[in-house]
Every structure is written in structure tokens, then in C-alpha cells.
K.L.:
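Dropping the structure in here first, questions after.
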Amino acid sequence: MEELAKKYSFKDIEEKQYLGCEKKSLFHGEVNSAKKSFSIVIPPPNVTGILHMGHALNNTIQDILIRYKKMAGFETLWMPGTDHAGIATQNVVERKLAKENLTRDDIGREKFLEHVWAWKQEYGSTIIKQLRSLGCACDWQRTRFTMDEGYSDAVLEVFIRLYDKGLIYRGNRIINWCPRCQTALSDEEAPHKDMEGFLYHLKYPLKDSKQFLIVATTRPETMLGDTAVAVHPQDERYKHLIGKTIILPLTQREIKIIADDFVDPAFGSGAVKVTPAHDPNDYAMGKRHDLEFINILHEDGTCNENAGEYNGRDRFEVRQAIIEDLKQLKLLEKIESHSHAVGHCYRCHTVIEPFYSKQWFVKMKPLSLPATEAVKDGRIKFHPDRWTKVYLNWMENIQDWCISRQIWWGHRLPVYYCGECGEEGSQISNDKSQIPNKRNRGIIVARERPEKCPDCGSAVIKQDPDVLDTWFSSWLWPFATFGWPFDQKTEDGRQKTAKQELDYFYPTAVLVTAPEIIFFWVARMIMAGFEFMQGIPFKDIYIHGTVRDDSGKKMSKSLGNSIDPLEIIADYGTDALRFSLISITAMGQDIYLAKEKFEFGRNFCNKIWNASRFILMNLNGQDVSQETVLPKQQLNLADAWILSRFNSTLLKLNNSLAQYRLNEAVNIVYEFFWHQLCDWYIEFSKLNIEDTATKTVLYSVLEKSLRIIHPFMPLISDEIWQKVTGNDAYLLAQAWPEVALDYIDENIEKEMQLVMDVCVSIRNLRSENNIKPKDKVDIALYPEDKAVLNILAKNSNYLLNLAKVENLNFADKNNFQTSINPTASAAGCVIVMSTKSDEGFDPIKEKEKINAQIRELNQHIQRKDKLLNNANYLKKAPADVVEKEKQSLLELNQEIDKLEKIKSALK
RNA sequence: GGGCGCGUAGCACAGUUGGUUAGAGCAUCUCCCUUACAAGGAGAGGGUCGUAGGUUCGAAUCCUACCGCGCCCACCA
């Protein structure tokens, strides 16, 4: 048994404890048929990521669950790893090249990828290192990366399987195009933001007429690609114009006026310009009416040759220019301000452009069906439940997923085109709901580059230059990280093990993540789980809140309002960070952070340290670790009490943990340790500190407390536990304490509560009468009845010491007298204090105080009287509630009696 | 246009299915460096639970409307 340093210094222990624990392989999970498995896969942070508060929260939650379950007897596995984050990573490396005045095109695809890999080698493990400083018990030897060789096999396998099944197709569609990243994006990657913009009303001249048709648009530059103007077929204002021709201003192109039900006659002028290549609705109309598709933009967002004189200028510049030009031509009717939602790139926040383009898509509807069912019937549960609706709503309206990206960093599509018979001849019509499941001529989807075209024998084979959406690899995370798919033919020992591991650990227990990736990732993992593993990937989904600053704004680097968890760790320590974060994280609620909040955790660490230090000192070198805690009947009140409290605390704690109520859990631990163990029990124990029985209880309660603290604050708990037990093991390898129901005793708790209440009342008296803390007082107690008298008499020692009482006398409550001495009333007895002098005591003030108390009590009494005289209440309320009320009324009346008596006894 | 969350003490928040006198933290005030801890101890003050109705014997809790704040989804140009 060693001593603890006088001052707690997290810097001396945290890293040491983490590394020590890792060295013992305690973070590693393996197939163990003797135990049930409990596994979590980490939401893989972007390989470009640096730890922010959101990660800190997310991973602390997972770590608590893993550590708790491991101690509770499960074989646990927390699978760590990183995501290659296609666009994000490519952007980072491109920016780096830009500093050397290079673009990716300058150096070419191969060289560029070398740069990215080099970057990944150098910086890719940053976030992993940072997770370790958070104390995460991840199974690091299993760390995966979504572009690992094996993982990439899984991605290809999935692409091929879905293609063969007809669920992946290539088609021309309107997609979201980011002109800065120069790639297509999925709908989820182009979130809409409300923006204040303008609604421009343009005058389109009718051919052979002086008349105009007015159209309204928010994007006037797209008029260069207009191929029709649409009106509602029933709109009386325009009916006669249907089929007439318009001379499109600036280009002088002739376009038709068409009728379409889509048009809302009430909006704008009731006439809509139709730009099929640059708007999803117009695209649909274009299809319906067989209109021409004119693309007016280059991939970088500048106008192309179809834009005539505007060719080469940026889309927003052209917008202004066109408005100017139309104004000159007197073709601008008016401009109104107009707020509308505009899609933005989720990586670079550039306004996206709807773009008609040939891309690869996944047909989602068939995949969504089992994933919808599993949540509906409760096989997968969201916590908190409200996300169920959000999920189902998205699932039920699911759209096809655009998975091809025009970037270089990622899994390249396993698609090859024959230079002779492929490509052009292979267009797939995507407006049929039927999936083509025949291979298209000249397109080869295969793991390896084919030697020659199976259709025409040509050896001119080109691989599709595109890569897959990052999420097309991360949706396989729960099983691809285990080495899926397993090649039957080449199955070796390692594959066999991997397969067993997948069988054992899949489905995982719980997925812990933030709400913003429910669609990106959570929903798709469920779909992939059913499609490729024939079952759910996880049973529970714990959705935690977003970390915000104290004014409610989301914390982000770009806003400059973020609190760096690493800085907090440096200033307050890992355990303090974890404890503070979790304690303010109510289930699913956003959390509002300010730096001061971490003092809470720091202070608690300090408290744990000092309390432990006290206990260690007072064991006096006596080893009680092998002593048995006596049955409660043989213990003194305080000892029996703390055991009762510990066990009922544990009961509550287990319950909270089972429901993922981690803030509740951590606050239960805090409340017990600080306000019961430290504030009261340690003080009580000082009086019996020579008893082996008390020492044993003290030791036992501390030892067990450290165990239950461990999942939340792993490092300090290990450090102290090792010192206290003299054991060099780690708490992760110890068992979670069992609830000892025998020790939970309501009567003991009540008796102790009485003593504590009297003690507090005496302290109150002292404080109100300005008695110095070190001065002793004499106290006379007038207990209500024999029972109270016995309890207080038996435990008077506690009062003498904790309330600094010199002489404690007991008297008959019906016969107490006082001169000018301060008095108070605690539950069960009247207290009279006599001080050495009467200095500072004012009987008039005292009477006023008592009167105020009586008034307050009378209010409660009146309320209860009314309640208990209410026939309806007596009839309808449960008997026990009524009984409680009656009892409470009785007590209130007794309380008043006591106060009256005190008052009249005062001079 | 739908949907969700939040308005509780000066501040930022808990409050599990409705049930004694609504709770801890930070801050404030008083007293204390009492031999585990001043990152501490002992006390104190501070709330008509956003507003207005309703259901109920009983509402911070359930229902309705409204007012603020925040978020998500959606092809009205």
C-alpha cells in the first residue's frame, strides 16, 4: 500500500495509466464462447480530422459503454478506424499543392495519388493518437482504414453484386454539381440553406407580336438554356398562347409555350421558363415534352459556348450581366426580394448547380424495405426514440443514390469500357422503373481489368475515371472491418479467424453517433447490413446531441468558437474533460459548452483523490483488503448506512446505464461519492477509525466506488485503485460490483437521516447565531418520542463531533424550558442551544423567524386540508398517496406545535 | 410547406411513466486555511417551471392555441 501524493496531478498519471492498461491487451477483444459479446464500431473519423468536441463527446460515450460492459462480464470489442473522406482529403492535398503552385492536373492522377498517400502516412493517424489521449479503450491492433486493401475488396465486391443484381445503373440525370470541387454530389451532400435572394421577372417577347410573356426566376442566367416556357393548361390568362412561339431574348432562339400541370398559376406570373439541363423540375418537364437539353455551364461554373457572348464568365457574374442587358432592352419587368433554399456543397459550401450529367446510381427502394421494417418492428431502436420518425420518413421517400464522383481519391469504379463498342452505345435509359439486369454492351464490371472486350474482342479497354462516394465504402463498416468478404477458395487460417470473429461480434450492440449522419451513414449501414449480411448491423442507435458554444451556435473551426478538447485535456486532464462533458449531456439534447464547465470535472477528480488519500492514510498500513465486511446487524449505524447507500446507488446506476442515461449515471456516482461518502460517511468514520470493521467498510466502499467511477474516469480510478489495493492490475479486468440487496435497508437510512438532520439543524443554529466554527455549544434535545430519543442517544457521538457540541442533554419534550437561548426544530425533535454567552442572540428576531416558518407551514397545511376534504380526491387517488398526504399533514401540525412551544418559551 | 427540439433560480441545465414543500452545478452573500481536500468545509438568499386555455382529485410533466429561440426535411420557378 502506497501513499497518494498530497496534490493530485493528472499529468503524472493519465498517460501512464492509459499506456499501462493498453500494454496488458485489455482493449483487445477476441472470440470467447464463454462470454456474450458486446461490440461497437467507431464512427470512423475523417482521416483529415483533428479531434474536436463532437468527437470527444461521441467517443467518451462509446468508451463508457465499452468499459462498463467489459467489467460487467461481456467480451467487448471497440473497432477503431478512419475514413478516407474522398472529397475532404482531396481538397486538403490540393490546397497543399496549391502552395507550390501546382494543381492535380499538372501532376496527373498517379502522382497526385502518391501525394495523397504520402499525406495520409504522415498525418492520417493524428486523430487516432488524439483518441488515445481521450482514454478510449479501442482495440487498436484492429484499426482499419476504408482504403485498406481488404476493405477495398469489400467495396468492389459490393459494387459488383449490386450491379449484377441490377441495383446499380448508369444514367443521365440532373445531379448536384459542385463547381469548386468539380464533382457530382448525392442529394445528402448538397444541403439546402435558406438564402435571401431575388425573384427576377423577365419579359419574353412573343414571336410576331408586340406582346410579352412574363416569367419569374431566381436564376436568370439559366435563361440561356431555356427550351420552353410552361403555363398551366387550365390557366385562362395563357390558354390561348399554348403552342405559340417565343423569341428568347439575348440568344434569339425560338422556343415554344407548352402546357404542364406542374405549373402553379398562383406563383409569380404563372408562366415558367423551362431549363431542362439545369433544374430538376424542368428536367422532368423536358422529358415529358421531349424538349432539347442545353447545358450552358462548364464544370467549373463558368458559362460555356452555348452561352454565346457570355461564354467563359462565371455564372454569378453572368447573372448580373444578363440583368443589366435585359434592363437595357427593357425586358426586365421587376425584381422582388425573395428568400429561398439553395443547395450548398457540404464540403466547401459553394452554391451547387443542378447539372444534367451521366453518373452511376444505386437503386435504393429495394434496399430500403427490410431496413424500414427492422426499425418499425423494433429490431433496431433509436435512442432517443424521436429519431425513428426522422429515419422512417427519409426511408419511405428514398431516392436513388448518385455514387460516382469526379475526383481521384477513393475507390475507383470497377467499370471498364470497350473503346470500340462501349461507352456511347451503352447508355441506359433511366426513366424506366425496370432495372436492366442484362449487361450492357461494351461495359464490363469486374474486379480486374479485362484483357479484351467480351462483346467485340477489342483490346482497347478504359477504366471509368470516377471514384465512389466515400459513403459507399463506409456503409459497409460494421462488417467490412472484420475482413468481409471471405474468399472461400483461398480461405486460410487468418480468414477463418476473421469469419469467426464476424460471426461472434456481429451484429454490433450499439451505434453511437450524431444526428447529422443518420441519412449519410446510419440508414445506409442498415440497408447494407440486410443486403450483404442478411441482418441488422446493430441493435441500438444512440443519437447524441450537437456540441454548441454557450450562445447556442454549433461549434466549428470556421466560426472560431470551438473549444479544443486537447487544450482542455492539457489544462484539466482527460478524466475531467470526460466527466464534465458527460455530466451535461442529457440524452439526445444538444450541449452548450463553456470552458468553465470543465472545472466541475477537475474539482471532482480532486475530491476523489483527496478522499482516497484520507482513507489510505487512515488505514494506517493495516491491510483490510482480505477482511470480510460484517453483516449489517453487527455494524455501527454509519457503516451500515454507507453500505446501504452504496448498494442503492449501484442499483440506480445500473438502471441508468442500461437506458443509456449517461448524464444521470455519472451524476448518481458524483452525488454518492461527494455528498454521501465524503460529506458524511468519512466524517462519521473518523470517530470509529480504530475499528477494523469500520476500516473494512471504508476500504470496501472506496474500492467499489473506484470500480463504478472507472468507466467515466478511467485513468484516475486506475491510479488510485492500484495504490489502494496494492495490486498492479487494471480496473478493466475487474468485475463490476454486484448489488448486495441485503445491505439495502430503509430503516438504517432513515435513522441516519434523522441524525444528519439534527446535525444540520444544530449547524444552522450555530451559523445563524454567529458561533465561531471552533467554539463548542451545549445542546438540549427534546425528542418527540422514545424511538427518536433512542436513536439520537445511541448516536450522540456523531452530533458531538460533527456539530461541535460540548454537552448534549436529552429531556422530555413536554417539559422544556429555555431562557434566551436559540432554538430550532428538526424532524423528530426540538433543539435548544445554549451558548457560552448570549452575544449575538436577538429573541425578537428569533420570534420573527419562527413566525415566518409557521406561516409557511400553515400554507401547506391549508392546501393539504383542502385536498383531504375533497371527496373526489379521496375517492380517486390511490390509497397510498392519500395515506402519505395524511401523514404529511400530521407532521406539519406537529411541526407547528413545536415551533409554537419554542416561541412561547422564548422571552 | 411539413417535421423535430428547447423556453424551469442571475447564468447555463436535470427533472424516467402526472403524486409529499420543483433539484444539484456556477455565480452571489456570511463564517472558516477545523490534522483528506481553499480545486475545500459549514451555512444563506434566489423559481407564480414562456403565455393563455383545457383534461384531471392532482400538471413543470398530458392536450390545444399562441409567443420566442434553434435544428432537420421538401422540386413552387
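Letters go in sequence order (proteins before strands), and every chain restarts at 1. None of these values were measured; they are calculated from a predicted model.
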K.L.:
Is it the case that the ring center of A/Phe684 lies less than 6.0 angstrom away from the ring center of A/Tyr798?
P.N.:
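Between A/Phe684 and A/Tyr798, which both carry aromatic rings, the centre distance is below 6.0 Å.
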
K.L.:
Report all interatomic pairs (protein N or O, nucleotide N or O of nucleotides 24-29 of chain B) with separations under 3.5 Å.
P.N.:
none

K.L.:
Could you let me know what B/G1 is paired to, Watson-Crick or G-U wobble, both distances under 3.5 Å, or none if it's on its own?
P.N.:
B/C73

K.L.:
Quick one: sort the A/Tyr670 and A/His675 rings into parallel, tilted or perpendicular, breaks at 30° and 60°.
P.N.:
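Because their plane-to-plane angle is over 60°, the rings of A/Tyr670 and A/His675 count as perpendicular.
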
K.L.:
Quick one: A/Trp394 CH2 to B/A74 P, roughly how many Å, whole number?
P.N.:
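Value for this atom pair: 10 Å.
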
K.L.:
Ignoring the backbone of A/Ser767, work out which of B/U20, B/C37, B/G43 is nearest its side chain.
P.N.:
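The closest nucleotide is B/G43.
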
K.L.:
Nearest to the side chain of A/Asp264, heavy atoms from C-beta on, is which of B/C76, B/A36, B/A74?
P.N.:
B/C76

K.L.:
In the structure shown, which nucleotide is the Watson-Crick or G-U wobble counterpart of B/G45, with both distances under 3.5 Å?
P.N.:
none

K.L.:
What nucleotide, of B/C33, B/A14, B/A39, holds the atom closest to the side chain of A/Lys774?
P.N.:
B/C33

K.L.:
Under a 3.5 Å cut-off for both contacts, is B/G25 paired Watson-Crick or G-U wobble with anything, and if yes, with which nucleotide?
P.N.:
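B/G25 is paired, partner B/C11.
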
K.L.:
Is there a donor-acceptor pair under 3.5 Å between the side chain of A/Arg578 and the backbone N or O of A/Phe712?
P.N.:
yes

K.L.:
Write out all pairs satisfying side chain to side chain donor-acceptor pair (under 3.5 Å) with one or both partners inside residues 189-199 of chain A, taking only residues at least two apart or from two chains.
P.N.:
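For residues 189-199 of chain A, and leaving out neighbouring residues, the side chain to side chain donor-acceptor pair (under 3.5 Å) pairs sorted by first residue read A/Ser186-A/Glu189, A/Glu189-A/Tyr346, A/Glu189-A/Arg405.
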
K.L.:
Figure out the NE2/P separation between A/His338 and B/A77, and round it to whole Å.
P.N.:
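My rounded result for the distance is 4 Å.
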
K.L.:
Mind checking the C1' distance from B/C4 to B/A38? Whole angstroms is fine.
P.N.:
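Per the computed distance, 46 Å lies between those C1' atoms.
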
K.L.:
Which label fits A/Phe600 and A/Phe579: parallel for a plane angle under 30°, tilted from 30 to 60°, or perpendicular past 60°?
P.N.:
tilted

K.L.:
Which nucleotide, if any, forms a Watson-Crick or G-U wobble pair with B/U64, using both distances under 3.5 Å?
P.N.:
B/A52

K.L.:
To the nearest 0.5 Å, tell me how far A/Arg288 CZ sits from A/Asp260 CG.
P.N.:
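Those atoms lie 4.0 Å apart.
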
K.L.:
Look at the side chain of A/Phe614 and decide which nucleotide, out of B/A36, B/A77, B/A12, has an atom nearest to it.
P.N.:
B/A36

K.L.:
Output yes when at least one side-chain N/O atom of A/Asn764 is less than 4.0 Å from OP1 or OP2 of B/A44, else no.
P.N.:
yes

K.L.:
With rounding to the nearest 0.5 Å, note down the distance linking CG in A/Leu185 to CD in A/Glu353.
P.N.:
12.0 Å

K.L.:
Please give, in whole Å, the distance from B/C37 P to A/Tyr8 OH?
P.N.:
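It is 17 Å, rounded to the nearest whole Å.
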
K.L.:
Return the nearest nucleotide to the side chain of A/Thr218; candidates are B/C37, B/A77, B/C75.
P.N.:
B/A77

K.L.:
Could you state the atom-to-atom distance from CG of A/Leu213 to P of B/A77 in whole Å?
P.N.:
18 Å

K.L.:
Which nucleotide sits closest to the side chain of A/Val881: B/G19, B/C37, B/A74?
P.N.:
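Selected nucleotide: B/G19.
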
K.L.:
So which nucleotide from B/G40, B/C76, B/A44 ends up closest to the side chain of A/Phe267?
P.N.:
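Of all the options, the side chain of A/Phe267 is nearest to B/C76.
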
K.L.:
Is there a Watson-Crick or G-U wobble partner for B/U16 with both distances under 3.5 Å, and if so, which one is it?
P.N.:
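Pair assignment: B/U16 / none.
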
K.L.:
Is it the case that the ring center of A/Trp387 lies less than 6.0 angstrom away from the ring center of A/Phe382?
P.N.:
no

K.L.:
To the nearest angstrom, how far is A/Ile771 atom CD1 from B/U30 atom P?
P.N.:
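Answer to the nearest Å: 19 Å.
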
K.L.:
Out of curiosity, A/His232 NE2 to A/Arg237 CZ, how far, rounded to the nearest 0.5 Å?
P.N.:
11.0 Å

K.L.:
Report each atom pair, protein N/O against N/O of nucleotides 4-7 of chain B, whose distance is under 3.5 angstrom.
P.N.:
residue	atom	partner	partner atom	Å
B/C4	OP1	A/Lys389	NZ	2.9
B/G5	O2'	A/Gln589	NE2	2.7

K.L.:
Classify the angle between the aromatic ring planes of A/Tyr283 and A/Tyr356 as parallel (below 30°), tilted (30 to 60°) or perpendicular (above 60°).
P.N.:
tilted

K.L.:
For A/Leu677 and A/Ser705, which heavy atoms make the closest approach, and how far apart are they?
P.N.:
CD2-OG, 4.2 Å

K.L.:
Among B/C72, B/C37, B/U34, which nucleotide has an atom closest to any side-chain atom of A/Pro773?
P.N.:
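For the A/Pro773 side chain, the nearest candidate turns out to be B/U34.
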
K.L.:
Using purine N1 to pyrimidine N3 plus N6-O4 or O6-N4 for Watson-Crick, or N1-O2 and O6-N3 for G-U wobble, both under 3.5 Å, which nucleotide pairs with B/A39?
P.N.:
none

K.L.:
Of A/Leu874 and A/Gln659, whose nearest nucleotide on RNA chain B comes first from the 5' end?
P.N.:
A/Gln659

K.L.:
In whole Å, I'd like the distance from the CD atom of A/Glu188 to the C1' atom of B/C73.
P.N.:
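Spelled out: CD on A/Glu188 to C1' on B/C73 is 11 Å.
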
K.L.:
If you find the nucleotide of RNA chain B closest to A/Asn655 and the one closest to A/Ile615, which residue's nucleotide is nearer the 5' end?
P.N.:
A/Asn655

K.L.:
Which whole-number value in Å describes the distance from A/Leu890 CG to B/U20 C1'?
P.N.:
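So the CG-C1' distance, A/Leu890 to B/U20, works out to 14 Å.
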
K.L.:
Nearest of B/A77, B/C72, B/U16 to any side-chain atom of A/Arg661?
P.N.:
B/U16

K.L.:
Distance check needed: B/U34 P versus A/Glu806 CD, whole Å only.
P.N.:
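Value for this atom pair: 20 Å.
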
K.L.:
Which nucleotide in the list B/G19, B/U16, B/A44 gets nearest to the side chain of A/Glu664?
P.N.:
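Side chain of A/Glu664 sits closest to B/U16.
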
